[in-house]
Amino acid sequence: MTAASTPILLAGDWTPGAGPALRIEDPVDGSLVGTVNEASLDQVDAAVRAGARAVDESGWHRRPPHRRADVLYQAARLIVERAETLADLQTAENGKTLKESRGQATAAAGIVRYFAAVCETMEGAVPPPRGDYLAVTTHEPFGVVAAMTPWNSPLTMGAQKLAPALAAGNAVVLKPSELTTLVSLELARAFADAGLPAGLLSVLPGGRGVGEALVTHPGVGMVSFTGGTATGRAIAAAAAPRFLPVVLELGGKSPNVVFADADLDAAARGVASAIFGSGGQSCVAGSRLFVQRPVYDQVVQRVVAAGAALRVGPARDPNSDIGPMASFAQRERVEGYVDLARGEGGRVLLGGARPDDPALAGGAYYLPTVIDGLDHESRVCQEEIFGGVLVALPFDGEDDLVALADDTVYGLACGLWTRDLAKAWRVARRVKAGTVWINTYKELSIASPFGGFKDSGLGREKGLQGLRAYQQTKSIYLGGLEG
Ligand code: NAD
(Lines give C-alpha, C1' and ligand atoms only; values in the text may rest on other atoms or scores of the structure.)
Protein backbone atom coordinates (compact mmCIF):
# COMPACT_ATOMS: atom_id res chain seq x y z
CA MET A 1 0.00 0.00 0.00
CA THR A 2 1.29 3.46 -0.80
CA ALA A 3 0.13 6.69 0.76
CA ALA A 4 0.49 10.25 -0.41
CA SER A 5 3.38 11.98 1.31
CA THR A 6 2.21 14.16 4.19
CA PRO A 7 3.17 17.82 3.72
CA ILE A 8 5.59 19.43 6.14
CA LEU A 9 5.26 22.88 7.73
CA LEU A 10 7.93 25.05 6.14
CA ALA A 11 8.09 28.79 6.52
CA GLY A 12 4.33 29.12 6.97
CA ASP A 13 3.38 26.78 4.11
CA TRP A 14 2.33 23.14 4.05
CA THR A 15 4.55 21.75 1.36
CA PRO A 16 6.15 18.41 0.45
CA GLY A 17 9.49 17.54 2.01
CA ALA A 18 12.21 17.41 -0.64
CA GLY A 19 14.35 14.74 1.08
CA PRO A 20 14.04 10.95 1.14
CA ALA A 21 10.71 9.32 2.06
CA LEU A 22 10.12 8.16 5.63
CA ARG A 23 7.77 5.22 6.10
CA ILE A 24 5.99 5.42 9.42
CA GLU A 25 4.85 2.10 10.85
CA ASP A 26 2.33 1.15 13.51
CA PRO A 27 4.19 -1.08 15.98
CA VAL A 28 0.94 -2.92 16.73
CA ASP A 29 1.31 -4.84 13.47
CA GLY A 30 3.91 -3.13 11.31
CA SER A 31 1.24 -1.61 9.04
CA LEU A 32 1.77 1.72 7.33
CA VAL A 33 0.53 4.79 9.23
CA GLY A 34 1.73 7.24 6.62
CA THR A 35 4.67 8.53 4.67
CA VAL A 36 6.37 11.85 4.80
CA ASN A 37 9.40 13.12 2.98
CA GLU A 38 12.26 14.40 5.07
CA ALA A 39 13.27 18.03 4.73
CA SER A 40 16.19 18.60 2.37
CA LEU A 41 19.19 20.63 3.51
CA ASP A 42 17.90 23.54 1.40
CA GLN A 43 14.63 23.32 3.30
CA VAL A 44 16.51 23.41 6.61
CA ASP A 45 18.16 26.60 5.42
CA ALA A 46 14.83 28.04 4.23
CA ALA A 47 13.13 27.26 7.56
CA VAL A 48 15.84 28.96 9.63
CA ARG A 49 15.92 31.99 7.36
CA ALA A 50 12.13 32.27 7.43
CA GLY A 51 12.20 32.04 11.21
CA ALA A 52 14.75 34.83 11.48
CA ARG A 53 12.76 36.96 9.03
CA ALA A 54 9.53 36.32 10.93
CA VAL A 55 11.16 37.37 14.19
CA ASP A 56 12.35 40.62 12.56
CA GLU A 57 9.30 41.42 10.48
CA SER A 58 6.28 40.07 12.34
CA GLY A 59 6.98 42.04 15.49
CA TRP A 60 6.09 38.87 17.42
CA HIS A 61 8.54 39.46 20.26
CA ARG A 62 7.57 43.12 20.48
CA ARG A 63 3.90 42.22 20.82
CA PRO A 64 2.69 42.81 24.36
CA PRO A 65 2.90 39.53 26.25
CA HIS A 66 -0.87 39.22 26.63
CA ARG A 67 -1.19 39.37 22.84
CA ARG A 68 1.35 36.57 22.38
CA ALA A 69 -0.52 34.71 25.10
CA ASP A 70 -3.80 35.10 23.12
CA VAL A 71 -2.32 33.03 20.29
CA LEU A 72 -1.10 30.36 22.70
CA TYR A 73 -4.47 30.17 24.48
CA GLN A 74 -6.08 29.65 21.08
CA ALA A 75 -3.54 26.92 20.24
CA ALA A 76 -4.40 25.22 23.54
CA ARG A 77 -8.11 25.34 22.67
CA LEU A 78 -7.41 23.80 19.26
CA ILE A 79 -5.35 21.03 20.86
CA VAL A 80 -8.32 20.25 23.13
CA GLU A 81 -10.70 20.24 20.14
CA ARG A 82 -8.34 17.95 18.21
CA ALA A 83 -7.29 15.83 21.18
CA GLU A 84 -8.81 12.63 19.83
CA THR A 85 -7.04 12.97 16.47
CA LEU A 86 -3.76 13.81 18.14
CA ALA A 87 -4.05 10.93 20.60
CA ASP A 88 -4.95 8.51 17.85
CA LEU A 89 -1.99 9.56 15.72
CA GLN A 90 0.47 9.35 18.62
CA THR A 91 -0.79 5.86 19.46
CA ALA A 92 -0.50 4.77 15.83
CA GLU A 93 3.08 6.03 15.61
CA ASN A 94 4.56 4.94 18.94
CA GLY A 95 2.22 2.27 20.33
CA LYS A 96 1.32 4.05 23.56
CA THR A 97 -2.04 2.94 24.86
CA LEU A 98 -4.83 5.17 23.61
CA LYS A 99 -5.76 6.07 27.18
CA GLU A 100 -2.22 7.34 27.82
CA SER A 101 -2.15 9.25 24.53
CA ARG A 102 -5.49 10.87 25.37
CA GLY A 103 -4.07 11.95 28.70
CA GLN A 104 -1.00 13.36 26.98
CA ALA A 105 -3.05 15.27 24.40
CA THR A 106 -4.91 16.95 27.26
CA ALA A 107 -1.63 17.52 29.08
CA ALA A 108 -0.15 19.14 25.96
CA ALA A 109 -3.00 21.66 25.95
CA GLY A 110 -2.38 22.30 29.65
CA ILE A 111 1.31 22.93 28.96
CA VAL A 112 0.51 25.48 26.27
CA ARG A 113 -2.04 27.20 28.53
CA TYR A 114 0.46 27.30 31.38
CA PHE A 115 3.10 29.04 29.25
CA ALA A 116 0.49 31.46 27.91
CA ALA A 117 -0.26 32.37 31.51
CA VAL A 118 3.44 32.63 32.38
CA CYS A 119 3.98 34.79 29.30
CA GLU A 120 1.46 37.39 30.39
CA THR A 121 2.20 37.36 34.11
CA MET A 122 5.98 37.00 34.27
CA GLU A 123 7.55 40.06 35.87
CA GLY A 124 10.90 41.67 35.19
CA ALA A 125 13.31 43.21 37.67
CA VAL A 126 14.41 46.72 38.61
CA PRO A 127 17.41 46.17 40.90
CA PRO A 128 17.93 48.86 43.58
CA PRO A 129 20.17 51.54 42.00
CA ARG A 130 23.70 51.94 43.36
CA GLY A 131 24.21 55.29 41.66
CA ASP A 132 22.48 58.01 39.69
CA TYR A 133 20.63 55.81 37.21
CA LEU A 134 17.70 53.50 36.74
CA ALA A 135 18.73 49.94 35.88
CA VAL A 136 16.21 47.62 34.28
CA THR A 137 16.68 43.91 33.59
CA THR A 138 15.06 42.82 30.36
CA HIS A 139 14.71 39.38 28.82
CA GLU A 140 15.00 38.98 25.08
CA PRO A 141 14.53 36.06 22.71
CA PHE A 142 17.47 34.29 21.08
CA GLY A 143 15.88 34.52 17.61
CA VAL A 144 15.53 31.07 16.04
CA VAL A 145 15.38 28.09 18.40
CA ALA A 146 16.29 24.65 17.02
CA ALA A 147 14.21 22.05 18.88
CA MET A 148 14.66 18.29 18.67
CA THR A 149 12.29 15.79 20.30
CA PRO A 150 12.32 12.01 20.87
CA TRP A 151 9.63 9.49 19.99
CA ASN A 152 8.39 8.43 23.39
CA SER A 153 6.07 11.35 24.20
CA PRO A 154 6.01 13.66 21.19
CA LEU A 155 2.85 15.53 22.23
CA THR A 156 4.02 16.65 25.65
CA MET A 157 7.70 16.98 24.70
CA GLY A 158 6.73 19.02 21.64
CA ALA A 159 4.37 21.29 23.59
CA GLN A 160 7.02 21.69 26.28
CA LYS A 161 9.40 23.21 23.74
CA LEU A 162 7.10 25.04 21.32
CA ALA A 163 5.01 26.87 23.93
CA PRO A 164 7.78 28.42 26.06
CA ALA A 165 10.06 29.14 23.09
CA LEU A 166 7.27 30.97 21.26
CA ALA A 167 5.98 32.65 24.43
CA ALA A 168 9.50 33.97 24.96
CA GLY A 169 9.35 35.67 21.55
CA ASN A 170 11.39 33.27 19.41
CA ALA A 171 10.81 31.47 16.15
CA VAL A 172 11.10 27.68 16.37
CA VAL A 173 12.25 25.05 13.92
CA LEU A 174 11.22 21.66 15.30
CA LYS A 175 12.81 18.43 14.19
CA PRO A 176 10.75 15.61 15.65
CA SER A 177 11.82 11.99 15.86
CA GLU A 178 11.56 10.07 12.61
CA LEU A 179 9.10 7.70 14.33
CA THR A 180 6.64 10.35 15.48
CA THR A 181 6.67 12.91 12.70
CA LEU A 182 2.97 12.89 11.83
CA VAL A 183 1.70 13.68 15.31
CA SER A 184 4.33 16.40 15.66
CA LEU A 185 3.13 18.00 12.42
CA GLU A 186 -0.46 17.92 13.70
CA LEU A 187 0.59 19.49 16.99
CA ALA A 188 2.29 22.28 15.06
CA ARG A 189 -0.87 22.74 12.99
CA ALA A 190 -2.70 23.83 16.12
CA PHE A 191 -0.16 26.64 16.61
CA ALA A 192 -0.26 27.63 12.95
CA ASP A 193 -4.07 27.65 12.91
CA ALA A 194 -4.13 29.69 16.11
CA GLY A 195 -2.73 32.66 14.22
CA LEU A 196 0.97 32.43 14.77
CA PRO A 197 2.71 34.71 12.25
CA ALA A 198 3.76 32.74 9.15
CA GLY A 199 7.34 31.51 9.24
CA LEU A 200 7.63 31.60 13.02
CA LEU A 201 7.23 27.84 13.26
CA SER A 202 8.54 25.16 10.92
CA VAL A 203 8.57 21.39 11.41
CA LEU A 204 11.28 19.50 9.55
CA PRO A 205 11.02 15.72 9.38
CA GLY A 206 14.26 13.81 9.24
CA GLY A 207 16.89 12.11 11.28
CA ARG A 208 20.39 12.86 12.36
CA GLY A 209 21.35 14.63 9.09
CA VAL A 210 18.52 17.16 9.35
CA GLY A 211 19.22 17.60 13.08
CA GLU A 212 22.91 18.27 12.50
CA ALA A 213 22.19 20.72 9.68
CA LEU A 214 19.82 22.57 11.95
CA VAL A 215 22.11 22.78 14.98
CA THR A 216 25.04 23.98 12.88
CA HIS A 217 23.03 26.52 10.87
CA PRO A 218 24.48 29.99 11.53
CA GLY A 219 20.99 31.48 11.84
CA VAL A 220 20.09 29.39 14.89
CA GLY A 221 20.43 31.18 18.23
CA MET A 222 19.65 28.44 20.73
CA VAL A 223 19.18 24.68 20.85
CA SER A 224 16.66 22.74 22.89
CA PHE A 225 17.03 18.98 22.77
CA THR A 226 15.33 16.01 24.40
CA GLY A 227 16.69 12.57 23.63
CA GLY A 228 19.54 10.22 24.39
CA THR A 229 22.71 11.20 26.23
CA ALA A 230 25.05 10.30 23.35
CA THR A 231 23.04 12.49 20.95
CA GLY A 232 22.94 15.28 23.54
CA ARG A 233 26.71 15.16 23.81
CA ALA A 234 27.08 15.40 20.01
CA ILE A 235 24.69 18.35 19.94
CA ALA A 236 26.50 20.16 22.76
CA ALA A 237 29.79 19.67 20.88
CA ALA A 238 28.24 20.99 17.65
CA ALA A 239 26.85 24.02 19.51
CA ALA A 240 30.08 24.79 21.35
CA PRO A 241 32.08 26.62 18.64
CA ARG A 242 29.40 29.31 18.47
CA PHE A 243 28.70 29.23 22.23
CA LEU A 244 25.08 28.43 21.41
CA PRO A 245 23.06 28.01 24.58
CA VAL A 246 21.68 24.49 24.87
CA VAL A 247 18.98 22.92 27.00
CA LEU A 248 19.54 19.16 27.09
CA GLU A 249 17.00 16.72 28.54
CA LEU A 250 18.70 13.35 28.33
CA GLY A 251 18.58 9.76 29.50
CA GLY A 252 18.27 8.17 32.91
CA LYS A 253 18.70 5.01 34.95
CA SER A 254 16.64 6.11 37.88
CA PRO A 255 16.71 4.35 41.26
CA ASN A 256 13.48 3.45 43.03
CA VAL A 257 14.20 2.73 46.68
CA VAL A 258 12.07 0.75 49.13
CA PHE A 259 13.03 1.06 52.80
CA ALA A 260 11.99 -1.67 55.22
CA ASP A 261 9.56 0.72 56.97
CA ALA A 262 7.59 1.53 53.80
CA ASP A 263 3.99 0.60 53.06
CA LEU A 264 5.21 -2.38 51.06
CA ASP A 265 2.05 -2.88 49.01
CA ALA A 266 1.91 0.74 47.91
CA ALA A 267 5.65 0.65 47.22
CA ALA A 268 5.43 -2.50 45.09
CA ARG A 269 2.56 -1.04 43.06
CA GLY A 270 4.48 2.23 42.67
CA VAL A 271 7.67 0.44 41.64
CA ALA A 272 5.82 -1.62 39.02
CA SER A 273 4.07 1.34 37.46
CA ALA A 274 7.30 3.41 37.54
CA ILE A 275 9.05 0.91 35.28
CA PHE A 276 6.28 -0.81 33.34
CA GLY A 277 4.15 2.26 32.54
CA SER A 278 4.57 3.16 28.84
CA GLY A 279 6.47 -0.12 28.48
CA GLY A 280 9.38 1.48 30.31
CA GLN A 281 9.91 3.93 27.45
CA SER A 282 10.11 6.91 29.71
CA CYS A 283 13.19 8.94 30.54
CA VAL A 284 12.25 8.85 34.25
CA ALA A 285 11.40 5.13 34.35
CA GLY A 286 12.40 3.72 37.74
CA SER A 287 14.67 1.07 36.25
CA ARG A 288 16.84 0.16 39.26
CA LEU A 289 15.00 -1.18 42.30
CA PHE A 290 16.86 -1.03 45.61
CA VAL A 291 15.18 -2.82 48.50
CA GLN A 292 16.39 -2.83 52.09
CA ARG A 293 17.64 -6.34 52.80
CA PRO A 294 15.12 -7.50 55.46
CA VAL A 295 12.18 -6.96 53.09
CA TYR A 296 13.98 -7.72 49.82
CA ASP A 297 12.26 -11.02 48.99
CA GLN A 298 8.76 -9.88 49.87
CA VAL A 299 9.02 -6.61 47.92
CA VAL A 300 10.52 -8.27 44.84
CA GLN A 301 7.76 -10.91 44.92
CA ARG A 302 5.09 -8.24 45.12
CA VAL A 303 6.63 -6.25 42.26
CA VAL A 304 6.77 -9.42 40.17
CA ALA A 305 3.09 -10.08 40.97
CA ALA A 306 2.14 -6.49 40.09
CA GLY A 307 4.05 -6.74 36.80
CA ALA A 308 2.50 -10.12 35.97
CA ALA A 309 -0.99 -8.65 36.44
CA LEU A 310 -0.44 -6.01 33.76
CA ARG A 311 -2.13 -6.75 30.47
CA VAL A 312 0.06 -6.39 27.39
CA GLY A 313 -2.08 -5.89 24.31
CA PRO A 314 -3.11 -3.70 21.38
CA ALA A 315 -2.68 -0.02 22.10
CA ARG A 316 -6.30 0.79 21.22
CA ASP A 317 -7.80 -1.94 23.41
CA PRO A 318 -9.15 -0.23 26.56
CA ASN A 319 -8.14 -3.34 28.54
CA SER A 320 -4.46 -3.01 27.65
CA ASP A 321 -2.16 -1.60 30.30
CA ILE A 322 0.87 -1.75 28.04
CA GLY A 323 0.93 -1.50 24.26
CA PRO A 324 3.71 -2.64 21.96
CA MET A 325 7.16 -1.10 22.16
CA ALA A 326 7.41 2.00 19.94
CA SER A 327 9.28 0.10 17.24
CA PHE A 328 10.59 -3.32 16.37
CA ALA A 329 14.11 -1.89 16.64
CA GLN A 330 13.43 -0.78 20.21
CA ARG A 331 12.21 -4.27 21.09
CA GLU A 332 15.42 -5.73 19.66
CA ARG A 333 17.43 -3.36 21.83
CA VAL A 334 15.52 -4.51 24.92
CA GLU A 335 15.94 -8.16 23.97
CA GLY A 336 19.66 -7.57 23.54
CA TYR A 337 19.90 -6.22 27.09
CA VAL A 338 17.93 -9.14 28.54
CA ASP A 339 20.27 -11.59 26.75
CA LEU A 340 23.19 -9.64 28.17
CA ALA A 341 21.70 -9.86 31.68
CA ARG A 342 21.40 -13.63 31.34
CA GLY A 343 25.03 -13.73 30.18
CA GLU A 344 26.06 -11.58 33.13
CA GLY A 345 24.51 -14.08 35.56
CA GLY A 346 21.13 -12.38 36.08
CA ARG A 347 18.03 -14.37 37.08
CA VAL A 348 14.92 -13.48 35.11
CA LEU A 349 12.10 -13.46 37.66
CA LEU A 350 9.42 -12.16 35.31
CA GLY A 351 9.04 -11.75 31.55
CA GLY A 352 12.25 -11.77 29.61
CA ALA A 353 10.30 -12.74 26.49
CA ARG A 354 7.71 -11.71 23.92
CA PRO A 355 4.13 -12.62 24.88
CA ASP A 356 3.13 -16.05 23.61
CA ASP A 357 -0.40 -14.95 22.60
CA PRO A 358 -0.50 -15.62 18.80
CA ALA A 359 -2.76 -12.57 18.38
CA LEU A 360 0.19 -10.38 19.41
CA ALA A 361 2.79 -12.11 17.25
CA GLY A 362 2.82 -9.41 14.55
CA GLY A 363 3.48 -6.50 16.92
CA ALA A 364 6.53 -5.18 18.76
CA TYR A 365 5.36 -6.55 22.11
CA TYR A 366 7.56 -7.41 25.07
CA LEU A 367 6.59 -8.59 28.53
CA PRO A 368 7.33 -6.65 31.72
CA THR A 369 10.63 -8.02 32.98
CA VAL A 370 12.27 -8.25 36.40
CA ILE A 371 15.86 -9.41 36.82
CA ASP A 372 17.96 -9.85 39.92
CA GLY A 373 21.30 -11.38 40.86
CA LEU A 374 23.35 -8.85 38.86
CA ASP A 375 26.32 -6.85 40.09
CA HIS A 376 25.68 -3.14 40.13
CA GLU A 377 28.71 -2.67 37.85
CA SER A 378 27.07 -4.82 35.14
CA ARG A 379 26.06 -3.07 31.91
CA VAL A 380 22.40 -3.93 32.49
CA CYS A 381 22.48 -2.05 35.81
CA GLN A 382 24.44 0.88 34.42
CA GLU A 383 23.02 1.55 30.94
CA GLU A 384 19.66 3.00 29.97
CA ILE A 385 17.59 0.24 28.34
CA PHE A 386 14.46 2.32 27.68
CA GLY A 387 12.10 -0.61 28.06
CA GLY A 388 10.15 -2.38 30.81
CA VAL A 389 13.17 -4.07 32.36
CA LEU A 390 13.67 -3.70 36.10
CA VAL A 391 16.86 -4.77 37.89
CA ALA A 392 16.48 -5.47 41.61
CA LEU A 393 19.26 -5.19 44.18
CA PRO A 394 19.35 -5.27 47.99
CA PHE A 395 20.90 -2.55 50.18
CA ASP A 396 21.67 -2.25 53.89
CA GLY A 397 21.93 1.30 55.21
CA GLU A 398 21.37 4.87 54.07
CA ASP A 399 25.00 5.59 53.13
CA ASP A 400 25.25 2.37 51.18
CA LEU A 401 22.01 3.23 49.39
CA VAL A 402 23.02 6.77 48.42
CA ALA A 403 26.33 5.49 47.05
CA LEU A 404 24.52 2.86 44.94
CA ALA A 405 21.78 5.25 43.79
CA ASP A 406 24.40 7.73 42.58
CA ASP A 407 26.63 5.10 41.00
CA THR A 408 25.72 5.62 37.34
CA VAL A 409 26.51 8.45 34.95
CA TYR A 410 22.85 9.52 35.13
CA GLY A 411 20.99 11.74 37.57
CA LEU A 412 17.47 12.28 36.26
CA ALA A 413 15.07 11.03 38.94
CA CYS A 414 14.79 8.95 42.11
CA GLY A 415 11.91 7.36 44.03
CA LEU A 416 11.90 6.82 47.80
CA TRP A 417 9.35 4.67 49.65
CA THR A 418 9.33 5.00 53.46
CA ARG A 419 7.10 6.08 56.34
CA ASP A 420 10.01 8.01 57.88
CA LEU A 421 9.74 11.44 56.30
CA ALA A 422 12.84 12.79 58.03
CA LYS A 423 14.86 9.99 56.44
CA ALA A 424 13.15 10.57 53.10
CA TRP A 425 14.06 14.25 53.27
CA ARG A 426 17.69 13.49 54.16
CA VAL A 427 18.09 11.07 51.29
CA ALA A 428 16.19 13.31 48.87
CA ARG A 429 18.66 16.10 49.59
CA ARG A 430 21.67 13.79 49.19
CA VAL A 431 20.96 11.92 45.95
CA LYS A 432 22.15 13.49 42.73
CA ALA A 433 18.93 13.63 40.74
CA GLY A 434 16.90 16.44 39.20
CA THR A 435 13.59 15.07 40.53
CA VAL A 436 12.92 13.05 43.68
CA TRP A 437 9.57 11.44 44.47
CA ILE A 438 8.69 10.35 47.99
CA ASN A 439 5.92 7.73 48.30
CA THR A 440 4.87 8.44 44.74
CA TYR A 441 6.49 8.31 41.31
CA LYS A 442 6.19 10.00 37.91
CA GLU A 443 4.08 12.89 39.19
CA LEU A 444 5.06 15.55 36.69
CA SER A 445 3.72 19.07 36.98
CA ILE A 446 4.34 21.67 34.32
CA ALA A 447 4.78 24.16 37.17
CA SER A 448 7.84 22.35 38.59
CA PRO A 449 11.24 22.66 36.89
CA PHE A 450 12.43 19.42 35.31
CA GLY A 451 15.88 18.29 34.20
CA GLY A 452 18.88 16.17 34.96
CA PHE A 453 22.03 16.14 37.05
CA LYS A 454 25.23 14.70 35.59
CA ASP A 455 24.84 13.05 32.16
CA SER A 456 21.04 13.35 32.33
CA GLY A 457 21.17 16.86 31.03
CA LEU A 458 21.80 20.53 31.26
CA GLY A 459 19.33 23.29 32.06
CA ARG A 460 15.70 22.96 33.06
CA GLU A 461 12.37 22.85 31.26
CA LYS A 462 8.96 23.61 32.80
CA GLY A 463 8.13 26.08 35.52
CA LEU A 464 8.97 29.76 35.22
CA GLN A 465 12.56 28.83 34.35
CA GLY A 466 11.13 26.87 31.43
CA LEU A 467 10.27 30.15 29.72
CA ARG A 468 13.40 32.03 30.82
CA ALA A 469 15.51 29.24 29.27
CA TYR A 470 14.46 30.65 25.90
CA GLN A 471 15.51 34.22 26.68
CA GLN A 472 18.76 36.06 27.24
CA THR A 473 19.08 38.65 29.94
CA LYS A 474 20.03 42.24 29.29
CA SER A 475 20.68 45.06 31.78
CA ILE A 476 19.84 48.58 30.62
CA TYR A 477 21.08 51.58 32.63
CA LEU A 478 19.38 54.92 32.11
CA GLY A 479 21.41 57.81 33.51
CA GLY A 480 21.11 61.60 33.67
CA LEU A 481 17.83 61.41 35.54
CA GLU A 482 18.75 63.94 38.18
CA GLY A 483 19.21 66.77 35.97
P1 NAD B 1 17.75 10.08 20.20
O2 NAD B 1 18.82 10.77 20.95
O3 NAD B 1 18.13 8.94 19.32
O4 NAD B 1 16.99 11.12 19.25
C5 NAD B 1 16.35 12.27 19.74
C6 NAD B 1 16.18 13.26 18.60
O7 NAD B 1 17.45 13.74 18.15
C8 NAD B 1 15.52 12.67 17.37
O9 NAD B 1 14.68 13.67 16.84
C10 NAD B 1 16.69 12.37 16.46
O11 NAD B 1 16.36 12.30 15.10
C12 NAD B 1 17.58 13.56 16.74
N13 NAD B 1 19.00 13.41 16.44
C14 NAD B 1 19.73 12.27 16.39
N15 NAD B 1 21.03 12.58 16.16
C16 NAD B 1 21.12 13.92 16.07
C17 NAD B 1 22.20 14.84 15.86
N18 NAD B 1 23.45 14.42 15.70
N19 NAD B 1 21.93 16.17 15.84
C20 NAD B 1 20.65 16.61 16.04
N21 NAD B 1 19.59 15.79 16.24
C22 NAD B 1 19.82 14.46 16.25
O23 NAD B 1 16.66 9.65 21.27
P24 NAD B 1 15.36 8.77 21.05
O25 NAD B 1 15.77 7.34 20.84
O26 NAD B 1 14.46 9.41 20.06
O27 NAD B 1 14.64 8.91 22.49
C28 NAD B 1 15.00 8.14 23.57
C29 NAD B 1 15.92 8.91 24.49
O30 NAD B 1 15.35 10.14 24.87
C31 NAD B 1 16.18 8.16 25.79
O32 NAD B 1 17.55 8.22 26.10
C33 NAD B 1 15.38 8.96 26.81
O34 NAD B 1 15.85 8.86 28.13
C35 NAD B 1 15.50 10.33 26.27
N36 NAD B 1 14.42 11.19 26.81
C37 NAD B 1 14.74 12.14 27.75
C38 NAD B 1 13.74 12.92 28.30
C39 NAD B 1 14.04 13.98 29.33
O40 NAD B 1 13.21 14.84 29.52
N41 NAD B 1 15.17 13.93 30.01
C42 NAD B 1 12.42 12.75 27.88
C43 NAD B 1 12.13 11.78 26.93
C44 NAD B 1 13.14 11.01 26.39
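Position 1 is the first residue of the sequence, and the numbers go up from there. Note that ligands are numbered from 1 as they come in the structure, with each ligand's atoms numbered from 1 the same way. Only this structure's heavy atoms are used, side chains among them; waters, hydrogens and symmetry mates stay out.
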Within a distance under 4.0 Å of any heavy atom of [X], pick out the atoms of ligand 1 and give their elements.
X: Pro176; result: 9 (O)
X: Gly211; result: 19 (N), 20 (C), 21 (N)
X: Thr149; result: 6 (C), 8 (C), 9 (O)
X: Met148; result: 21 (N)
X: Ile235; result: 19 (N), 20 (C), 21 (N)
X: Glu212; result: 17 (C), 18 (N), 19 (N), 20 (C)
X: Asn152; result: 43 (C), 44 (C)
X: Glu178; result: 10 (C), 11 (O)

Can you tell whether the side chains of Arg354 and Glu335 come within less than 4.0 Å, N to carboxylate O?
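Salt bridge: yes.
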
One thing to verify: whether Arg23 and Glu25 come together as a salt bridge, which I'm taking to mean a side-chain N less than 4.0 angstrom from a carboxylate O.
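The answer is yes: the pair qualifies as a salt bridge.
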
Judged on heavy-atom distance to [atom], which of [options] sits nearest?
atom: atom 12 (C) of ligand 1; options: Arg208, Arg233, Lys175, Arg333; answer: Lys175
atom: atom 3 (O) of ligand 1; options: Ile385, Asn94, Thr231, Leu444; answer: Thr231
atom: atom 4 (O) of ligand 1; options: Phe450, Trp151, Phe225; answer: Phe225

Nearest non-hydrogen protein atom, [atom]:
atom: atom 32 (O) of ligand 1; value: Glu384 OE1, 2.5 Å
atom: atom 27 (O) of ligand 1; value: Pro150 CB, 3.2 Å
atom: atom 41 (N) of ligand 1; value: Leu250 O, 2.7 Å
atom: atom 42 (C) of ligand 1; value: Cys283 SG, 3.1 Å
atom: atom 35 (C) of ligand 1; value: Gly227 O, 3.1 Å
atom: atom 28 (C) of ligand 1; value: Phe386 CE2, 3.7 Å

Consider ligand 1: state whether an atom of it lies below 4.0 angstrom from any non-hydrogen atom of Gly452.
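It does not, in that no heavy atom of Gly452 comes within the 4.0 Å cut-off of ligand 1.
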
Does ligand 1 have an atom that lies less than 4.0 angstrom from a heavy atom of Gln281?
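Under 4.0 Å: no for Gln281.
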
Spacing of Gln43 atom CD and Ser202 atom OG [to the nearest 0.5 Å]:
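Going from CD on Gln43 over to OG on Ser202, the span is 9.5 Å.
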
From CZ (Phe191) to CG (Leu200), nearest 0.5 Å:
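Taking CZ in Phe191 and CG in Leu200, the distance rounds to 11.0 Å.
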
Distance-only side-chain donor-acceptor flag, [X] / [Y], under 3.5 Å:
X: Ser320; Y: Lys99; answer: no
X: Ser278; Y: Glu100; answer: yes
X: Tyr470; Y: Ser224; answer: yes

For residues 361-372, which residue pairs pass the salt bridge (Lys or Arg N to Asp or Glu O under 4.0 Å) check, not counting sequence neighbours?
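For residues 361-372, and leaving out neighbouring residues, the salt bridge (Lys or Arg N to Asp or Glu O under 4.0 Å) pairs sorted by first residue read Arg347-Asp372.
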
Can you tell me if Arg208 has over 12 outside heavy atoms packed within less than 6.0 Å of its CZ?
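No, not enclosed.
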
Would you say CH2 of Trp425 has more than 12 non-hydrogen atoms from neighbouring residues, nucleotides or ligands within 6.0 angstrom?
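No, CH2 of Trp425 has 12 or fewer neighbouring heavy atoms, counting only those of other groups under 6.0 Å.
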
Looking at the rings of His376 and Phe290, which for Trp means the six-membered one, are their centres under 6.0 Å apart?
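Yes; Phe290 has its ring centre under 6.0 Å from that of His376.
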
Let me know which of Arg316, Arg82, Arg102 forms a side-chain hydrogen bond (donor to acceptor under 3.5 Å, both in side chains) with Asp88.
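Result: among Arg316, Arg82, Arg102, Arg316 is the only option passing the side-chain hydrogen bond (donor to acceptor under 3.5 Å, both in side chains) with Asp88.
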
